[in-house]
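Here is how names work: the chains are called A, B, and so on, in the same order as the sequence lines, proteins then strands, and each is numbered from 1.
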Protein chains: 2
Amino acid sequence: MAYTPPGETRKKVYEFVRERILSGSPPTVREVQRAFGFRAVQSARQHLEALVAEGKLVKDSGKARSHRLPELGRVRSSHLIPMLGRVQAGELTTALQDPGDYLLVQKTRFDGRELFALTVQGESMLGAGILPGDTVIVRRQPAARPGEIVVALVGEEATVKRYRQKKGRVELHPENDAFEPIVPREDGEPFSILGKVIEVRRNLE
Amino acid sequence: MAYTPPGETRKKVYEFVRERILSGSPPTVREVQRAFGFRAVQSARQHLEALVAEGKLVKDSGKARSHRLPELGRVRSSHLIPMLGRVQAGELTTALQDPGDYLLVQKTRFDGRELFALTVQGESMLGAGILPGDTVIVRRQPAARPGEIVVALVGEEATVKRYRQKKGRVELHPENDAFEPIVPREDGEPFSILGKVIEVRRNLE
DNA sequence: TGACATAACAGACAAATGTCTGTTATTCTT
DNA sequence: AAGAATAACAGACATTTGTCTGTTATGTCA
């Protein structure tokens, strides 16, 4: 490769490596070499070492494909959670076998094993910015605090509502004037909180 | 390692490898070996080869750390995209320098290189279920079709609006009666479409 | 010009890693 | 008991990949 002004190739190498890291397969030194047409391995290595020295990359010495982006430590940590969209509401509480689909979440804060996802059906939460077809990510928990949005099992149906309490009684509030709050009967009708909605996603494409 | 019932260790190996792939550093054969305490490299290799044969993994023969999740079916591989939330609006069109944060997306359908994410500021898209603080994932593209939600650069400000056309003229519509549509002036005011919003995410925790 | 820094090259070595051949143990089925 | 299938092991070899030492070119600056 011909001589290039200081920093020029360096920058391109950084962008190349960054791209590869983001796409999931960090390059080997020789892959960088080939990508830039260097005739010596060392040329690629010099750039990589310089980038590490600058703090733009991190690496694990001796290991193959060990270059990483410095800030990525916790960000990249991800987890697959099951989509339960097509499952009958009544079976939601049962153990998950082989869900039809998986969703990728960043599990920095929550334990991925207790998460699942649902597709929202009705328009009852329009006022909270939750539209039909949206995906809600739910953390399994048997109780909630007032004001939180929960997935509850009322009778046979799973529903997304805002959890409230009035005089010690539970109420599930929709965020849409066309709907009425749900007040679980005190007779034996099955009622339980499946979990709390911690994220909402909407696909527009 | 002691003898385990058929399929048992296999499954754990799969989960281990999947976790590592998702976290950005696919393991070497020997890393799998050590993780499971195999005394022979071949033990790890057998499991890995079997998983490839089953179609649960894919690999590039001969290369280091080359196991990947198949893009097909339900488990999609992940991709990191830059969050540009804190960047000045006016600089959005420039090349990405050092994004402070990254977001994990499933890259089945779009090319990760053309995606970025933004944090929504105002309330102008309330009617479309896009609230302040929401994160929008945007695919870079210079044009849009009527009805699509876009991120546009008007003057110095980046804004999220619904793209419409009236008599051949572009209009950017908010989804909130308290706001007025934006009609780009025909004098030299900078106006451009940065991209199309393909996903909306909201964190509730 | 000469010293200095950076870029690029050349050739080699060593460690990491993928791959191969063959063997033994365990479980299940017939 | 015999055979088949799977699991695990042993030891080696070949390739890939990281690393090293030294050299040559190009540009900058005093």
When you compare the side chain of [Y] with that of [X], does any pair of heavy atoms fall below 4.5 Å?
| X | Y | answer |
| --- | --- | --- |
| B:His173 | B:Lys161 | no |
| A:Gln141 | A:Glu114 | no |
| A:Pro26 | A:Arg68 | yes |
| B:Arg201 | A:Glu199 | yes |
| B:Leu104 | B:Leu80 | yes |
| A:Ser23 | B:His79 | yes |

Between atom [atom1] in [X] and atom [atom2] in [N], what is the gap in whole Å?
| X | N | atom1 | atom2 | result |
| --- | --- | --- | --- | --- |
| A:Gln46 | D:dG22 | CD | C1' | 12 Å |
| A:Arg10 | C:dA5 | CZ | P | 15 Å |
| B:Gln42 | C:dT24 | CD | C1' | 14 Å |
| A:Lys11 | C:dT6 | NZ | P | 19 Å |
| B:His47 | D:dA5 | NE2 | C1' | 14 Å |

> Heavy atom of residues 31-39 of chain B under 4.0 Å from DNA chain C: which residues?
Replying inline: none
>> Near DNA chain C, counting only heavy atoms under 4.0 Å, which residues of residues 53-67 of chain B show up?
In response: B:Lys59, B:Ser61, B:Gly62, B:Lys63, B:Ala64, B:Arg65
Main-chain N/O of [Y] paired to [X] side chain as donor or acceptor, under 3.5 Å:
| X | Y | value |
| --- | --- | --- |
| B:Arg18 | B:Lys56 | no |
| B:Arg45 | B:Val29 | no |
| B:Arg10 | B:Ala50 | no |

Within the sub-3.5 Å range, which N or O atoms of nucleotides 25-30 of chain C have a protein N or O partner, and how far apart are they?
unit_1, atom_1, unit_2, atom_2, d
C:dT26, O2, B:Tyr3, OH, 3.4

Just N and O in the side chain of [X]: are any of them under 4.0 Å from OP1 or OP2 of [N]?
| X | N | result |
| --- | --- | --- |
| A:Arg30 | D:dT17 | no |
| A:Arg45 | D:dG18 | no |
| A:Thr9 | C:dA8 | yes |

> Given that B:Glu8 and B:Val41 both sit by DNA chain D, which one's nearest nucleotide is further toward the 5' end?
Replying inline: B:Glu8
> Which part of the nucleic acid does B:Thr28 contact within heavy-atom distance under 4.0 Å: base, sugar-phosphate only, or nothing?
Replying inline: sugar-phosphate
> What are the two closest heavy atoms between B:Leu131 and A:Ala128, and how far apart are they?
Replying inline: CD2-O, 3.8 Å
> Taking the inter-plane angle between the rings of B:Phe38 and B:His47 on a 0 to 90° scale, is it parallel (under 30°), tilted (30 to 60°) or perpendicular (over 60°)?
Replying inline: parallel
